[in-house]
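Atoms within a ligand are numbered from 1 in the order they appear, just like the ligands themselves. For reference, positions follow the sequence shown, starting with 1.
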Amino acid sequence: MQTNTNFSRGADAQGQFGSFGGRFVAESLMPLILDLEQAFNTALSEPNFLAELDRFQAEFVGRPSPLYFAERLTELYGGAKIYFKREELNHTGAHKINNCIGQVLLAKRMGKTRIIAETGAGMHGVATATVAARFGLPCVVYMGATDIERQRDNVSRMRLMGAEIVPVTSGTGTLKDAMNEALRDWVTNVDNTFYMIGTVAGPHPYPTMVREFQAVIGRETRVQMQAREGRLPDSLVACIGGGSNAMGLFHAFLDDPSVQLIGVEAAGEGLDSGKHAASLKGGVAGVLHGNRTYLLQDNDGQITDAHSVSAGLDYPGIGPEHAWLHEQGRVDYAAVTDTEALEAFHVCCRQEGIIPALETAHALAEVAKRAPLLPKDHLMVVCLSGRGDKDMPTVLRLMEEKA
Ligand SMILES: *Cc1c(COP(=O)(O)O)cnc(C)c1O
């Protein structure tokens, strides 16, 4: 491992992380993107903005989230000392709200009067509808028609909070198509609309902006681990859809070479099955949604559909900063299958009394593989990115199929 590289420095002036990232957008979007970048940079250096962000994180989201010693899971595996960073306790049940609060405060500062977003499983849509309601802004959420069928509860939640859901039937009617439609809406409503992207993807400055709003996860973890154990953790584990909860946990530790970073993609039915969502482990570099990164593509360069038991991980790309950290060897990327994730899901329920999201269960499955091989003084932190309430229908169906 190189120790002289400043991994936390982030994107260059063009929004590139090495050869990844950038802003591949229509000419008409360019002024908007530059506007947004400037507003974001200014806001981050203004004490008023940061104080307001802190206040909402504390009083609306419920931060800081606890760092919790998972004692029974640690005993079961008999190796590393396992801690959970409890993002599932946030308002709306996942880490997504950290980013949405930041972006809505930015939208307000920029004088925008309309919020749009894309959503797959609906968690980002719910977090967006939540902050839009809180700030009295009309909100339009683009969602694939297939996903609307699969995620009825989240659709109802968004509607209760006043969001309008626009079904997207193009392509396969899933997340990547919803994101295309949202980008199209943005181009046509440039003046009044703020586009909230839900993960560390999209054109610059989005990957940096979303990471910055999620980085509170790692900053808190650092302080909490110091208080609890008097030193830094030895390893951090997080699941990866687009990669925002992972970047959020990792960022504060990128320049500490003693801290091992492990990102976990969804291997679905297996990397060889063609039915997975592992963009790094099973994809190739290309351009999608305004940035260059690793993508699931067929031989003609067409984006292929991602597959995972967990709807929140089936995005056919990954944030460009992850692509770069992968290339640099700073983060280890692993992939776990649906079956492995489901097993870890049940273990967490029974051992810790915490029902994790199926996305999160992927991180827990990697913990199950690694923790038993590590010494008892190895401090491991896993990001509990969300709670599993939304996954009950899926889990019950799978249990019935098995029975
Ligand atoms: C959306 C979601 C994810 C995946 O998104 P990232 O941007 O990779 O963090 C993971 N866990 C939960 C609970 C989610 O809702």
Side-chain angles (χ1 to χ4, degrees), residues 65 84-100 103 117-128 130 143 147 151 153-154 157 174-175 178-179 196-202 206-207 209-218 236-251 262-266 277-280 289 293-294 306 308-323 325 331 333 335-336 341 344-345 348 354-366 382-392 394:
S65 68
F84 290 171
K85 180 60 175 161
R86 305 280 311 270
E87 293 300 303
E88 99 282 9
L89 294 177
N90 294 339
H91 182 38
T92 69
H95 65 291
K96 298 270 182 357
I97 191 94
N98 300 329
N99 167 47
C100 289
Q103 289 201 42
E118 83 293 337
T119 198
M123 294 305 279
H124 174 58
V126 168
T128 302
T130 300
M143 189 167 184
D147 286 334
Q151 306 290 334
D153 280 3
N154 275 341
R157 286 185 187 107
T174 55
L175 178 57
M179 200 153 172
M196 278 196 196
I197 293 184
T199 190
V200 285
Y206 281 99
M209 184 164 74
V210 177
R211 178 254 275 160
E212 206 56 43
F213 289 136
Q214 291 291 0
V216 65
I217 302 173
L236 308 177
V237 186
C239 67
I240 295 192
S244 69
N245 83 93
M247 275 318 305
L249 178 64
F250 295 168
H251 189 254
I262 302 145
V264 188
E265 296 189 297
S279 317
L280 277 182
H289 298 144
T293 188
Y294 277 86
S308 168
V309 68
S310 124
L313 297 185
D314 62 11
Y315 178 62
I318 182 167
E321 193 166 9
H322 284 291
L325 290 168
V331 179
Y333 293 89
V336 313
F345 170 91
C348 185
I354 294 172
I355 302 174
L358 284 175
E359 291 84 1
T360 311
H362 286 71
L364 292 166
E366 189 63 22
V382 45
C383 189
L384 258 272
S385 57
R387 54 182 176 241
D389 308 31
K390 67 180 174 60
D391 296 315
M392 279 308 99
T394 308

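- Less than 4.0 angstrom separates some heavy atom of Ser244 from each of these atoms of ligand 1: 6 (P), 7 (O), 8 (O), 9 (O).
- Using a 4.5 Å heavy-atom cutoff, the side chains of Glu87 and Asn98 are in contact.
- Annotation: side chain of Ser279 is not in contact with side chain of His322 (no heavy-atom distance under 4.5 Å).
- Residues Asp314 and Leu175 have side chains not in contact (no heavy-atom distance under 4.5 Å, counting atoms from C-beta outward).
- Per-residue contacts place Ala357 under 4.0 angstrom from the following atoms of ligand 1 (heavy atoms of the residue considered): 13 (C).
- Atoms of ligand 1 lying under 4.0 Å from any heavy atom of Met123, numbered from 1 in the order shown and given with element: 15 (O).
- You'll find the side chain of Ile197 reaches within 4.5 Å of the side chain of Glu118, heavy atoms only.
- The shortest N or O to N or O distance between Gly241 and ligand 1 is under 3.5 Å.
- Numbered from 1 in the order shown, with element, the atoms of ligand 1 that lie under 4.0 Å from a heavy atom of Gly243 read 6 (P), 7 (O), 8 (O).
- Comparing heavy-atom distances from atom 14 (C) of ligand 1 across Lys390, Glu359, Lys96, His362 singles out Lys96 as nearest.
- Using a 4.5 Å heavy-atom cutoff, the side chains of Asp391 and Ser310 are not in contact.
- Looking at Thr360 next to ligand 1, no N or O pair under 3.5 Å apart turns up.
- Looking at His95 against ligand 1, only its side chain comes within 4.0 Å, counting heavy atoms.
- Relative to atom 7 (O) of ligand 1, the option among Asn245, Thr92, Thr199 with the closest non-hydrogen atom is Thr199.
- Every atom of ligand 1 is numbered from 1 in the order shown, and the set under 4.0 Å from a heavy atom of Ile240 is 8 (O).
- Ligand 1 places these atoms under 4.0 Å from at least one heavy atom of Gly386: 13 (C).
- The shortest contact between atom 12 (C) of ligand 1 and any protein heavy atom is with Ser385 OG, 3.5 Å.
- Considering only heavy atoms from C-beta on, Val210 comes within 4.5 Å of Gln103 through its side chain.
- Taking the six-membered ring where the residue is Trp, His289 and Tyr315 present parallel rings, their angle staying beneath 30° rather than reaching 60°.
- Polar contact check, Cys239 against ligand 1: no nitrogen or oxygen pair lies under 3.5 Å apart.
- Contact annotation: the side chain of Arg157 never approaches that of Thr92 to less than 4.5 Å [non-hydrogen atoms, C-beta and beyond].
- When side chains are defined from C-beta on, His91 counts as touching Thr130, because their heavy atoms get closer than 4.5 Å.
- Ligand 1 places these atoms under 4.0 Å from at least one heavy atom of Gly312: 4 (C).
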